Chemist: 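My questions will all concern the structure given below.
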Protein chains: 2
Amino acid sequence: MDKQTVTIYDVAREAKVSMATVSRVVNGNANVKAETKEKVNAVIAKLGYRPNAVARGLASRRTTTIGVVIPDVTNHYFAELARGIDDVAAMYHYQIILANSDESNTKEIQVMENLLGKQVDGIVFMGNILNDDIRDEFKKADVPVVLAGLLDEYEEQPSVNIEYRSAMSDATTRLLQAGHTKIAFVTGDLDHYMNKAHKLLGYQDALAAYDVAYDEKLVFQGTYDYQSGYQLAQEIKDSEATAAIVANDEMAAGVINGLTDAGVNVPDDFEIITGNDSKVAVITRPQLSSITQPIYDIGAVAMRMLTKLMNHEELAVNNIVLPHGYVDRGSTKHDNM
Amino acid sequence: MDKQTVTIYDVAREAKVSMATVSRVVNGNANVKAETKEKVNAVIAKLGYRPNAVARGLASRRTTTIGVVIPDVTNHYFAELARGIDDVAAMYHYQIILANSDESNTKEIQVMENLLGKQVDGIVFMGNILNDDIRDEFKKADVPVVLAGLLDEYEEQPSVNIEYRSAMSDATTRLLQAGHTKIAFVTGDLDHYMNKAHKLLGYQDALAAYDVAYDEKLVFQGTYDYQSGYQLAQEIKDSEATAAIVANDEMAAGVINGLTDAGVNVPDDFEIITGNDSKVAVITRPQLSSITQPIYDIGAVAMRMLTKLMNHEELAVNNIVLPHGYVDRGSTKHDNM
DNA sequence: GTGAAAGCGCTAACAC
DNA sequence: GTGTTAGCGCTTTCAC
């Protein structure tokens, strides 16, 4: 039960070479005669030697570990992002330390400190909002930090996103085209920069283009989860809206089920478009028409970006925007489109 | 952008004490005069010193990092397990390295090697099946490995689970009591020990108790995902079964939607009980009646178990069994129960 | 192509 | 209560 017994030194002795040579073989350094390389590899196999990444990390000051801060792995949107990150990380031989933050500022700072203490080579940060405390933390970090699915108001951090504003505007426009004038906008906390300064604006853009007055009473703030959507459904019904744009799939699932349970027929009496096109969008009945976005790719691209930053490569673009689209399903009337 | 500049030595010099003393205050060792402790803490704050966990890990041979191998974070059942693990890990000041294995044997071994190389203090392993290769890997590991939501046929590894056999038997019995005789059993690969030697047996136990002959044609093997359940739905319909037990929620969501889309009325013409009671179970319409199991707790308890093992404490029980239950929802007829 | 030796930043005896 | 001193297992100059 005791850790790591065979070291590079044992291999060196057994193979009758120096530790430096073993190190070279292990790290694939070209400057080793094929013959000695074979000999060393044989001993490595024989002894079952496995390099100690901790010692290596201390000596080289690179841990090949990156930190991933995620609000909650249990949320499908973020889990999908995380999967994209991990796959690309694995491809580049990085491991990821995953830390749930629950969007709590205290926890976010806490986990950032932990990550930095562990000497991660870089960090991918996910969340819904960036405040000054966490920005300070980014500055204190001596390693690159990339945002995935999160916009930095000041554009200081590299990031990967879709164009939330036009995505929302497009979706709203579809509903407007279908003749709706009272369209509910269901989103997260409007204090969150992305909601206030992007998604809401997209919604308003579309309204303005169709000369429909913006009505605050049609804006609903939830907490991104099913339960919150379900509860909002009653309020939405009472608001006399005839359609809704929901920023997040789990919340949208709550809205569609809440509405249905309240006797509202979707899509005949009420149309809904959701924002993520994650797995849950096809599980509900009717299925959710949705803005499509490459969630997995956002994570993957963010991680790829991080590898470049860790290699001190220049970034062509600091804030990458991936394309979004739209898919028509049962929660909107088919003859609209 | 270069890593960690202020070291324990800098703090020692500035505070006019030895590194040992700094180390003591950082680690909360009692043998330090309150006065010097304050002085050292002041310098730490002033210099912004953050202990280097890598150096610490090398010197102490403990990394306070544990490895978590997960088939796919994107699967809600495992994500929930992972969340339980992470929360308890954080409580005990451990960080987790998360690695997706895709249930591929090659990848599982690969990630185990990576984890071991990183000198994790322990591992929580999730998956659906254990084979000899991975068992060898567990043996090679010089650290404890705990299984979460996974049974070891040989009971060599500590584990946390529910009693799948009786859970399945209970659920099947409900359907039997409601008068069904042709009950489909939808599960994962029957080569998987848990499916073959526990879940299937539970199903058969119930059948036997009601003198209903076991019919292989009513057993359906899927791949634990929505798509697979959806595809199986047609076959299930053709099998003339009038009810189904589905081992996994995502698959059950596929089955219920597939059946509904094929014109079958659930629950009037067909009743379904699923196995996890994860979020998905309430998103479908009708909602899925389900075996309930404390998924989050399974992860949490597994991690707690690991902390004990890492402290070389004795385990009261090596294979923990958590209680399961049943919740009645819309996919079964209410008057049955 | 290979070796010697000096760290990397810390912990853990052990001494005082 | 505090300091000294070896390492922990590797990478990385710098020689040769």
Side-chain angles (χ1 to χ4, degrees), chain A residues 2-41 43-44 47-65 116-121 142-143, chain B residues 2-41 43-44 47-65 93 114 116-121 142-143:
Chain A
D2 274 341
K3 286 194 197 170
Q4 183 77 28
T5 41
V6 23
T7 73
I8 198 172
Y9 183 74
D10 300 323
V11 177
R13 187 162 24 76
E14 185 84 8
K16 295 187 174 52
V17 295
S18 70
M19 323 174 19
T21 300
V22 178
S23 175
R24 288 191 187 97
V25 172
V26 168
N27 293 297
N29 188 313
N31 289 335
V32 186
K33 222 195 318 182
E35 195 182 328
T36 44
K37 189 164 158 185
E38 264 176 47
K39 190 173 57 179
V40 170
N41 276 326
V43 174
I44 286 178
L47 263 39
Y49 168 69
R50 181 195 297 129
N52 181 325
V54 174
R56 183 181 274 180
L58 185 58
S60 69
R61 299 148 148 285
R62 294 189 60 243
T63 56
T64 60
T65 303
L116 265 12
K118 292 256 158 142
Q119 312 302 118
V120 295
D121 294 333
D142 25 28
V143 295
Chain B
D2 274 338
K3 286 194 195 169
Q4 183 76 25
T5 40
V6 22
T7 75
I8 199 172
Y9 183 76
D10 299 324
V11 176
R13 187 163 23 76
E14 185 84 8
K16 297 185 174 53
V17 295
S18 70
M19 326 171 22
T21 299
V22 178
S23 175
R24 288 192 188 96
V25 343
V26 167
N27 293 295
N29 189 312
N31 289 334
V32 186
K33 221 195 322 185
E35 196 182 329
T36 44
K37 189 164 157 185
E38 264 177 46
K39 189 173 58 181
V40 170
N41 276 327
V43 174
I44 286 178
L47 263 39
Y49 168 69
R50 181 194 298 129
N52 180 325
V54 174
R56 182 181 275 179
L58 185 59
S60 69
R61 300 151 144 283
R62 294 189 60 242
T63 55
T64 63
T65 302
H93 304 291
N114 289 156
L116 265 11
K118 292 256 157 141
Q119 311 302 115
V120 295
D121 294 334
D142 25 27
V143 296

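Lettering follows sequence order; numbering is per chain, from 1. Computed from a prediction, not measured in an experiment: that's the story for all the values here. The figures here come from the full heavy-atom set of this structure, side chains too, leaving out hydrogens, waters and symmetry mates.
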Chemist: How many Å lie between OH on B:Tyr49 and P on C:dG9, as a whole number?
Modeler: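 Rounded to the whole Å, the gap is 10 Å.
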Chemist: Under a 4.5 Å cut-off applied to non-hydrogen side-chain atoms, are B:Leu47 and B:Val11 in contact?
Modeler: yes
Chemist: With nearest nucleotides of DNA chain C determined for B:Tyr9 and A:Lys37 from heavy-atom distances, which residue corresponds to the more 5′ nucleotide?
Modeler: A:Lys37
Chemist: Determine the minimum heavy-atom distance between A:Arg61 and A:Asp121, stating which atoms define it.
Modeler: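 For A:Arg61 and A:Asp121, the tightest heavy-atom pair comes out as O-OD1, 4.4 Å.
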Chemist: Locate the shortest heavy-atom distance separating B:Val54 from A:Gly57; write the atom from each residue and the value.
Modeler: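 Between these two residues, the closest heavy atoms are CG1-C, 3.9 Å.
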Chemist: When you measure from the side chain of B:Thr7, which nucleotide among C:dG9, D:dC10, D:dT2 comes out closest?
Modeler: C:dG9
Chemist: Round to the nearest Å and state the distance from A:Arg50 atom CZ to D:dG9 atom P.
Modeler: 14 Å
Chemist: In whole Å, what is the span from the CG atom of B:Leu58 to the C1' atom of C:dT11?
Modeler: 10 Å
Chemist: I'd like to check A:Tyr49 versus A:Ile8 (side-chain heavy atoms, cut-off strictly below 4.5 Å). Are they in contact?
Modeler: yes
Chemist: Would you say a side-chain N or O of A:Arg56 is under 4.0 Å from OP1 or OP2 of D:dT11?
Modeler: yes
Chemist: Using heavy-atom distances to pick each residue's nearest nucleotide on DNA chain D, tell me which of B:Lys16 and B:Ser60 is more 5'.
Modeler: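 Closer to the 5' end of DNA chain D: B:Lys16.
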Chemist: Taking OP1 and OP2 of D:dC10, is either one under 4.0 Å from a side-chain nitrogen or oxygen of A:Asn52?
Modeler: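 Result: no.
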Chemist: Grab the two heavy atoms, one from A:Val32 and one from A:Thr36, that are nearest each other, plus how far apart they are.
Modeler: CG1-OG1, 3.2 Å
Chemist: Please report the closest heavy-atom contact between B:Ala55 and A:Leu58, naming both atoms and the distance.
Modeler: CB-CD1, 3.6 Å
Chemist: Reckon A:Thr36 has a side-chain N or O less than 4.0 Å from the OP1 or OP2 of C:dT2?
Modeler: yes
Chemist: Once you build an axis from the first five pairs and another from the last five of the helix from C:dG1-D:dC16 to C:dC16-D:dG1, how far apart in angle are they, to 10 degrees?
Modeler: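 Computed angle between terminal axes is 30°.
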Chemist: For A:Gly48 versus A:Val6, what's the shortest heavy-atom pair and its separation?
Modeler: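 Distance-wise, the nearest heavy atoms are O-CG1, 4.1 Å.
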Chemist: Specify the separation, in whole Å, of atom CZ of B:Arg62 and atom P of D:dG7.
Modeler: 23 Å
Chemist: CD1 of A:Ile8 versus P of C:dT2: gap in Å, rounded?
Modeler: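 A:Ile8 atom CD1 is separated from C:dT2 atom P by 15 Å.
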Chemist: Would you mind reading off the distance between A:Lys118 atom NZ and C:dC10 atom P, rounded to a whole angstrom?
Modeler: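 Rounding to the nearest Å, NZ of A:Lys118 and P of C:dC10 are 14 Å apart.
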Chemist: Verify the neighbour count for atom NZ of B:Lys39: are there more than 12 heavy atoms of other residues, nucleotides or ligands below 6.0 Å?
Modeler: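 It does: B:Lys39 NZ has more than 12 such atoms within range.
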Chemist: Enumerate donor-acceptor pairs with a distance under 3.5 Å from any side-chain N or O in residues 17-28 of chain B to protein atoms, sequence neighbours excluded.
Modeler:
unit_1: B:Ser18; atom_1: OG; unit_2: B:Ala20; atom_2: N; d: 3.4
unit_1: B:Ser18; atom_1: OG; unit_2: B:Thr21; atom_2: N; d: 3.3
unit_1: B:Ser18; atom_1: OG; unit_2: B:Thr21; atom_2: OG1; d: 3.4
unit_1: B:Ser23; atom_1: OG; unit_2: B:Asn27; atom_2: ND2; d: 3.3
unit_1: B:Asn27; atom_1: ND2; unit_2: B:Ser23; atom_2: O; d: 2.7

Chemist: Taking C-beta and beyond as the side chain, do A:Thr63 and A:Lys118 meet within less than 4.5 Å on heavy atoms?
Modeler: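 A side-chain contact under 4.5 Å is absent here.
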Chemist: Report the nucleotide, chosen from D:dT2, C:dG9, D:dG9, that has the shortest atom-to-atom distance to any side-chain atom of B:Ala55.
Modeler: C:dG9
Chemist: Please determine, for the side chain of A:Arg61, which listed nucleotide (C:dC10, C:dC8, D:dT11) has the closest atom?
Modeler: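 Out of C:dC10, C:dC8, D:dT11, the nucleotide with an atom closest to A:Arg61's side chain is C:dC8.
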Chemist: NA contact type, A:Val54, heavy-atom cut-off 4.0 Å: base, sugar-phosphate, or nothing?
Modeler: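 Nothing, no heavy atom under 4.0 Å.
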Chemist: When you get a sec, tell me which of C:dT2, C:dC10, C:dG9 is the closest nucleotide to the side chain of A:Lys33?
Modeler: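 Closest nucleotide to the A:Lys33 side chain: C:dT2.
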Chemist: Take the protein atom CD of A:Glu35 and the nucleotide atom C1' of C:dT2, then report the distance between them rounded to whole Å.
Modeler: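 To the nearest whole Å, that distance equals 13 Å.
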Chemist: What residues from residues 18-28 of chain A pass a heavy-atom cutoff of under 4.0 Å to DNA chain D?
Modeler: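 Only A:Met19, A:Ala20, A:Ser23, A:Asn27 qualify.
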Chemist: Whole angstroms only, please: what is the CG-C1' distance between B:Asn31 and C:dC16?
Modeler: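 So the two atoms are 14 Å apart, to the nearest Å.
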Chemist: In terms of the nearest nucleotide of DNA chain D, which residue is placed more toward the 5' end: A:Gly57 or B:Ala34?
Modeler: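 On the 5' side of the pair lies B:Ala34.
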